[in-house]
Structures are given as C-alpha cells and as structure tokens.
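Input: a single structure, listed below in structure tokens.
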Amino acid sequence: VQLQASGGGLVQPGGSLRLSCTASRSIFSFNHMAWYRQAPGKQRELVAQIRSDSGTNYVDSVKGRFTMSRDNASNTMYLQMNSLMPEDTAIYYCFAMYGSAFWGQGTLVTVSS
C-alpha cells in the first residue's frame with residue numbers, strides 16, 4: 001500500500017488548510033487510519049485517528065479545530081485544519097494499518113505571519 005499526502009503549505013495564524021492522503025488501494029477494509037505530526041526537535045505525535053465506522057479521536061491540542069474524515073469512494077482520508085496556530089507547524093504524516101503499518105511521505109505545514 002502506498003499513501004500519497006498533499007495539501008501542506010504556508011498559512012497565517014488563524015488560517016485553514018486541508019490535508020489529503022490518497023491510498024493506492026481501497027481503504028474500505030483499513031481498520032485504522034490516522035494523521036501524525038512531527039515538529040522540529042520534537043517526537044512524532046498522534047493528531048487524529050479514524051475508525052472504519054468513521055468514529056474519530058483527536059489530541060487535546062487540536063480538538064474543536066481539526067476534523068478528520070475519510071472517503072472510501074476515492075480511497076482518501078482528509079484532515080481539515082482550522083484556526084491554525086504557530087505551534088501547529090510540523091510535518092504531517094498519514095498512516096494506515098492494513099495487516100502492516102503504512103506511512104505517507106509527509107507534507108509540511110508552516111503557520112507563520
């Protein structure tokens with residue numbers, strides 16, 4: 001399985017971005033998908049995860065600002081990020097579990113004025 005992430009960029013504080021991650025095969029049977037991020041000098045952290053029933057969980061720091069979703073028809077997961085803050089600056093990675101663990105290549109999000 002290959003995961004292709006996109007949608008990162010430079011945005012001002014308070015702005016929005018939508019990250020996408022498209023899989024090379026159907027995600028219908030993926031039992032776990034998630035977005036992680038790694039800020040400079042910090043460990044990679046789990047940001048959001050979504051189950052096969054589309055139930056979601058978020059790290060406290062993004063609750064109410066980020067929304068993760070999935071579209072089985074297009075084999076894509078999304079992370080809608082609103083009210084972005086400088087501390088959201090990081091490389092964002094998509095992740096999927098289907099027998100084995102698979103990672104996307106990462107997309108850089110920079111929040112700065």
Side-chain angles (χ1 to χ4, degrees):
V1 177
Q2 292 183 327
L3 302 176
Q4 182 68 43
S6 61
L10 173 64
V11 63
Q12 292 186 340
S16 298
L17 283 174
R18 188 177 79 156
L19 306 184
S20 301
C21 178
T22 301
S24 59
R25 59 153 292 149
S26 172
I27 66 172
F28 181 78
S29 298
F30 285 11
N31 51 18
H32 180 70
M33 296 187 295
W35 287 95
Y36 287 75
R37 68 184 179 187
Q38 187 165 18
K42 295 188 177 181
Q43 291 187 330
R44 191 172 297 189
E45 68 168 347
L46 175 64
V47 176
Q49 54 187 330
I50 190 166
R51 303 186 302 269
S52 57
D53 64 357
S54 295
T56 53
N57 296 95
Y58 302 92
V59 68
D60 285 347
S61 59
V62 308
K63 283 181 180 177
R65 300 188 298 121
F66 289 12
T67 303
M68 184 173 181
S69 60
R70 61 190 289 169
D71 180 7
N72 292 340
S74 63
N75 302 329
T76 302
M77 67 178 93
Y78 300 98
L79 185 67
Q80 177 66 44
M81 306 185 295
N82 298 328
S83 302
L84 283 162
M85 301 184 293
E87 48 264 48
D88 295 317
T89 295
I91 299 174
Y92 285 71
Y93 299 89
C94 52
F95 168 89
M97 180 69 73
Y98 183 69
S100 301
F102 299 94
W103 291 92
Q105 84 283 10
T107 184
L108 177 62
V109 173
T110 303
V111 185
S112 175
S113 55

Where is the tightest heavy-atom contact between M77 and A34, given as atom of each residue plus distance?
SD-O, 3.9 Å

Expected output: side-chain T89 to main-chain V111 donor-acceptor under 3.5 Å
yes

Is NZ or CZ of R18 both nearer than 6.0 Å to the six-membered ring centre of Y78 and within 45° of the ring axis?
yes

Heavy atoms, side chains only, cut-off 4.5 Å: are M85 and P13 in contact?
no

Walk me through it: do F30 and N72 pass the test side-chain contact (heavy atoms from CB on, under 4.5 Å)?
CA-CA 10 Å; F30 285 11; N72 292 340; over 6 Å; no

When rounded to the nearest 0.5 angstrom, what distance separates CG in N82 from CZ in F66?
8.5 Å

Nearest heavy-atom contact between Q4 and Q105 is NE2-NE2, 3.0 Å

M68 vs N57 side-chain heavy atoms within contact, under 4.5 Å
no

For K63, the salt bridge (charged side-chain N to carboxylate O under 4.0 Å, His left out) test, sequence neighbours excluded, returns D60

Could you walk me through whether R70 and M33 pass side-chain contact (heavy atoms from CB on, under 4.5 Å), step by step?
CA-CA 9 Å; R70 61 190 289 169; M33 296 187 295; 3.3 Å; yes

Nonpolar side-chain network containing I91, other nodes, edges under 4.5 Å:
Y36, L46, Y93, F95, M97, W103, L108

Which value, rounded to the nearest 0.5 Å, describes the distance between S61 atom OG and D88 atom CG?
7.0 Å

Nearest heavy-atom contact between V109 and G8 is CG2-CA, 4.1 Å

Walk me through whether Q80 and S16 qualify under side-chain contact (heavy atoms from CB on, under 4.5 Å).
CA-CA 8 Å; Q80 177 66 44; S16 298; 4.0 Å; yes

More than 12 non-hydrogen atoms from neighbouring residues, nucleotides or ligands closer than 6.0 Å to CD on E87, yes or no?
yes

Criterion side-chain contact (heavy atoms from CB on, under 4.5 Å) on V47 and Y58, from CA distance to verdict
CA-CA 6 Å; V47 176; Y58 302 92; 5.8 Å; no

Measure across A23 and I27 and return the closest heavy-atom pair with its distance rounded to 0.1 Å.
CB-CG2, 3.6 Å

Please examine the side chains of R65 and M81, heavy atoms only from C-beta on, and report whether any two atoms are closer than 4.5 Å.
no

For the residue pair S6 / S20, report whether a side-chain donor-acceptor contact shorter than 3.5 Å exists.
no

L84 to L17 - nearest heavy-atom pair and separation
CD1-N, 3.9 Å

Just wondering, more than 12 heavy atoms not from Q2 lying within 6.0 Å of its CD?
no

With a 4.5 Å heavy-atom cut-off, do R37 and E45 have their side chains touching?
yes

Give, for atom CG of L3 and atom OG of S24, the distance between the pair rounded to the nearest 0.5 Å.
7.0 Å

